[in-house]
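Predicted model, so just to flag it, every value in this text is computed and none were measured. One is the number of the first residue; the rest follow in order along the sequence.
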Amino acid sequence: MDSKTVGLSIVIVILLIIAAVGFFEYSTVQSQYSSVSSSYSSASQAQSSLSKALSQASANESYYMKLAQGNYSKYQALQGNYSSLQSKYQSLMQMYMALSHEGKSPLTPVFEFLDGVAIESPSDVTPFLSSNFTATVKGTPFPGEYDFNTFNSTWLSDFFSQYETVYFYTTALPTVTSSGSTYYVSAVVQYFVAPSSDPVYLQVFNASVMFTIAEVNGALLITSLQWNGNEIPPSAVIAGYPSQHDLQENQVTSTVLSQINALGAEFPANVIASSFSPDATLQINGQLPAGLKNGTYSGLSSIENFFTSWDNYFIFAAEYSQNLLPNGTAVTPSVSVQLSPQQANATFYANVTPFLLFVNKGEPTYPAIYDLHVSLKAELVYNSTTSSWEITNEVWNVTPVSTQSDTLYYNLNTPTFNVAKETTVTVNASKGAVVQAGNLVSVVKPGTYAELPNGSLESTYNFSLILMSVNAVYSPPGTNLTPTYAFAFAINGHISPAYSLVNASKSPSAVVTFVYAPDTWTSWTWFGGTFNGTTYTGGQYKFPDHWVYGDNMMVNIQFFKPVIWIFESSNTPVVTPPMPVIASVKPTFNLTTLNAYTYQVNGTVGGVINAGNIMVVIPPGTYVNTTSGQLKVYNFSVVYYSVQGIKDAPDGEVPFIAFAYAVNGVVSFQYSATNHFITLVMTPDMNAQMWTYGQSGYLFQDPILLGNGVMINLTFFKPVPWVITLPELNMSTTTSSTTTSGSGSGGYY
């Protein structure tokens with residue numbers, strides 16, 4: 001029954017009740033009829049409103065039914081998500097349970113094992129292996145089948161001995177599964193290793209591993225290992241990681257440039273040489289300033305000595321290292337590195353390393369400024385003990401250049417010479433003198449006077465040997481020579497060609513000047529400026545000079561004017577000095593031969609003979625007259641004899657050095673030279689004397705000049721023996737620069 005019917009029934013019932021009551025109470029009800037009629041109208045209106053409400057309720061029922069259906073669909077989706085999450089939760093719970101075995105995780109022995117391999121200690125690996133452990137290793141490193149003992153004694157032993165600096169990583173979280181009380185852990189691991197024999201050769205081992213873990217006596221231990229490994233480059237692991245060669249080239253460059261920087265910074269010698277191996281060699285070739293010596297320095301101590309000389313000689317240096325291309329473009333030094341599992345070698349090369357060097361006060365040529373271009377090559381080996389590159393051999397080829405070529409704003413237009421060192425002596429013309437300054441020794445011969453500009457002769461005068469720096473002085477005209485430094489003579493403080501050194505008849509009396517220098521040096525005469533006692537200003541080149549050369553020695557026997565001479569450096573030797581030869585020397589006067597230095601001499605050009613502590617200058621045009629004719633090319637020997645058996649000198653002095661000259665192996669009073677030999681002996685100068693010696697012993701005393709540790713003789717022209725004697729220690733001795741006359745008759749041999 002619908003709601004309308006129900007409502008209608010209710011109305012009918014109400015009407016029937018009203019009619020019955022009305023029948024009996026018609027009169028009473030009649031008066032109320034109008035009111036009831038009105039109520040009826042209200043009820044009809046209420047019915048209409050109720051019908052509308054019923055229609056709205058039907059519409060709402062449809063809306064909420066659809067809404068309930070949508071919510072139900074969402075509920076079903078949420079229920080599905082819940083089921084999925086519940087399944088995952090159960091899986092996580094299972095994994096958690098798998099990872100927990102009475103409070104112990106199967107990952108523990110795995111990571112302990114991997115850590116122990118990186119730590120390189122068997123005691124950090126074997127405690128996590130069961131006694132029945134087995135391993136199958138495929139690929140890298142050391143493939144094979146192993147049990148507990150062989151894995152420890154072979155695989156671990158090889159790994160620990162062959163690699164150092166080991167690191168390990170995992171590329172993802174390990175996976176753990178279980179079957180009962182047995183667990184399986186799989187992972188991908190990487191080991192960064194450096195071979196012990198070549199630690200710079202970084203390697204990366206990539207391995208897929210599977211561990212089986214079981215409970216053994218209450219502990220979880222590894223019972224088996226499956227290892228599949230391969231080697232990959234570091235750049236495949238770390239994006240942008242440089243190659244091994246790049247890394248080592250950077251280290252090599254840093255090692256060598258640190259040394260060059262230390263040279264410029266004037267660091268202590270042991271700091272400069274800290275990159276060299278203990279048995280390294282340093283080879284210095286070319287032209288160096290007067291305060292340094294080229295040659296090969298072997299061993300760390302010798303190399304440090306060279307760098308000590310460098311530090312002492314220069315007070316300031318500026319430097320940089322580069323390669324110059326043929327078109328003049330400057331590029332960085334080149335580095336080549338060779339790597340192997342056994343050895344790491346490298347070569348550093350910079351074909352132009354300029355050094356702008358300022359000479360220290362008190363050193364020869366101060367305050368000169370040198371510009372040296374060094375072609376530098378360094379060979380290095382990696383020292384696995386110190387984990388560093390070491391220089392085993394370094395070669396310098398040194399070329400001096402004009403300072404102006406590297407310093408655009410260093411340009412003095414006026415040639416200037418500053419006094420760096422000066423030695424002055426008062427000369428007695430009858431005795432002569434020996435004067436020394438820096439690497440120069442000058443000998444004023446007895447009988448040398450000073451001729452003044454007015455033509456008068458001075459028998460007593462001041463003679464100075466002066467070393468000078470040069471500024472705004474360039475190559476001589478038409479040459480590629482490089483000025484280095486200068487020296488000058490001064491008479492009574494004057495540097496001027498108006499003065500001369502002459503003999504009593506006013507003929508030139510040249511000063512003999514010894515210079516310790518290579519055969520690539522020469523000099524040019526300079527004058528025309530003014531000298532104020534400390535600085536010489538102005539002037540110009542006049543002409544080249546002629547020198548006599550020997551091994552690292554040049555001697556001049558022509559200078560007699562107090563002017564300036566500028567040392568010039570050449571890229572090639574100026575001349576070829578006398579060369580040593582092997583020749584025998586005949587026994588002489590029952591003297592016992594100790595040693596002999598023999599050189600082949602061309603008498604036309606002469607030469608300088610270096611023989612131990614004796615130096616002999618053979619002037620050009622020196623020929624030897626023998627019993628069979630004149631020799632123009634001959635072997636010249638300096639022969640040393642034992643002083644044993646030689647008696648004391650007539651004045652009581654004791655023999656110190658016995659020596660002779662020999663020509664073609666012959667020592668003879670019957671041979672004579674066309675010029676006097678100039679002899680310099682490095683010997684104590686405490687009243688030393690020199691004697692000509694023959695068959696009967698001492699023949700006569702020879703005239704000598706004594707300097708500071710040097711003895712000079714200018715009179716020898718025969719190849720005969722001489723004996724140098726010294727006072728006995730209990731005799732009164734003094735040191736002076738004097739000429740001693742011979743006491744016997746006859747000539748000076």
Side-chain angles (χ1 to χ4, degrees), residues 364 419-452 456-468 487-496 499-516 531 533 548 553-565 614-617 619 676-690 701-716 724 733-742 748:
V419 173
K421 187 175 181 61
E422 178 177 347
T423 303
T424 301
V425 297
T426 300
V427 179
N428 184 323
S430 65
K431 296 181 179 181
V434 178
V435 191
Q436 297 163 269
N439 63 330
L440 278 72
V441 178
S442 291
V443 181
V444 180
K445 295 180 289 188
T448 299
Y449 298 83
E451 183 180 10
L452 306 184
S456 64
L457 297 183
E458 294 284 346
S459 60
T460 303
Y461 53 92
N462 290 332
F463 177 87
S464 302
L465 177 59
I466 305 172
L467 301 184
M468 295 177 156
F487 76 100
F489 297 157
I491 295 176
N492 294 336
H494 297 282
I495 300 177
S496 169
Y499 293 78
S500 299
L501 295 168
V502 299
N503 59 22
S505 61
K506 293 190 176 182
S507 295
S509 180
V511 174
V512 180
T513 300
F514 298 82
V515 181
Y516 295 90
F531 183 55
V548 184
M553 175 61 62
M554 51 193 293
V555 178
N556 189 281
I557 55 176
Q558 296 179 334
F559 298 155
F560 69 99
K561 292 280 188 179
V563 294
I564 292 177
W565 297 276
I614 295 177
M615 188 182 307
V616 184
V617 181
H676 289 99
F677 303 121
I678 302 169
T679 303
L680 182 150
V681 184
M682 287 169 280
T683 181
D685 51 53
M686 37 181 280
N687 281 342
Q689 296 179 355
M690 184 179 288
Q701 188 175 345
D702 299 291
I704 57 173
L705 290 90
L706 294 176
N708 182 17
V710 297
M711 173 189 291
I712 308 292
N713 184 281
L714 305 170
T715 63
F716 297 156
I724 297 173
T733 61
T734 59
T735 300
S736 62
S737 296
T738 60
T739 302
T740 304
S741 301
Y748 301 128

* Give, for atom CD1 of Ile614 and atom OG1 of Thr683, the distance between the pair rounded to the nearest 0.5 Å. => 9.0 Å

* To do: Check the angle between the aromatic planes of Phe487 and Phe559 and answer parallel, tilted or perpendicular using the 30° and 60° thresholds.
  => tilted

* Asked: So, do Met690 and Gln701 sit near enough that their side-chain heavy atoms are less than 4.5 Å apart?
  -> no

* Take Phe677 and Val617, measure what side-chain contact (heavy atoms from CB on, under 4.5 Å) needs, and give me the verdict at the end. => CA-CA 6 Å; Phe677 303 121; Val617 181; over 6 Å; no

* Taking every non-hydrogen atom, the tightest pair across Ile491 and Ser500 -> CD1-O, 3.8 Å

* **Interatomic spacing from OG in Ser505 to CG in Leu457 - rounded to 0.5 Å** => 9.5 Å

* Asked: Is a side-chain N or O of Asn439 found less than 3.5 angstrom from the main chain of Val515, in a donor-acceptor match?
  -> no

* Structure fact -> Here the pair of heavy atoms bringing Val419 nearest to Gly533 is CG2-O, 4.0 Å

* Asked: Hey, does Leu705 have a side-chain heavy atom less than 4.5 Å from the side chain of Pro446?
  -> yes

* Are the side chain of Gln689 and the backbone of Ile724 linked by a donor-acceptor contact shorter than 3.5 Å? -> no

* Any side-chain donor paired with an acceptor under 3.5 Å for Thr460 and Glu458? -> no

* Atom CD of Glu451 and atom OG of Ser507: how far apart are they, to the nearest 0.5 Å? -> 10.0 Å

* Given side-chain contact (heavy atoms from CB on, under 4.5 Å), test Leu440 with Leu465 step by step and report yes or no. => CA-CA 9 Å; Leu440 278 72; Leu465 177 59; 4.0 Å; yes

* Test item: Phe716 and His676 side chains (from C-beta on) under 4.5 Å apart, heavy atoms -> no

* What is the distance from atom CZ of Phe489 to atom CD1 of Ile564, rounded to the nearest 0.5 Å? -> 12.5 Å

* To do: Starting from the C-alpha separation in whole Å, work towards a yes-or-no answer on side-chain contact (heavy atoms from CB on, under 4.5 Å) for Val434 and Val441.
  => CA-CA 7 Å; Val434 178; Val441 178; 4.0 Å; yes

* Structure fact -> Rounded to the nearest 0.5 angstrom, the CG-CZ distance for Asn503 and Phe560 is 11.0 Å

* **Side-chain touch Ile466/Ile495, heavy atoms, less than 4.5 angstrom** => yes

* To do: Take the angle between the ring planes of Tyr499 and His494 and call it parallel below 30°, perpendicular above 60°, tilted in between.
  => parallel

* Given Leu501 and Tyr461, is the side-chain contact (heavy atoms from CB on, under 4.5 Å) satisfied, shown in steps? -> CA-CA 11 Å; Leu501 295 168; Tyr461 53 92; 3.9 Å; yes

* **Any donor-acceptor pair under 3.5 Å from Asn713 side chain to Pro703 backbone** => yes

* To do: Measure the spacing between CE of Met468 and NZ of Lys421 and express it to the nearest 0.5 Å.
  => 14.5 Å

* Can you find a heavy atom in the side chain of Asn556 that is under 4.5 Å from one in the side chain of Val512? -> no

* Verify, without hydrogens or angle tests, whether Thr423 (side chain) and Gln436 (backbone) share a donor-acceptor contact under 3.5 angstrom. => yes

* Among Val548, Val443, Ile557, which residue meets the side-chain contact (heavy atoms from CB on, under 4.5 Å) test with Ile678? -> Ile557

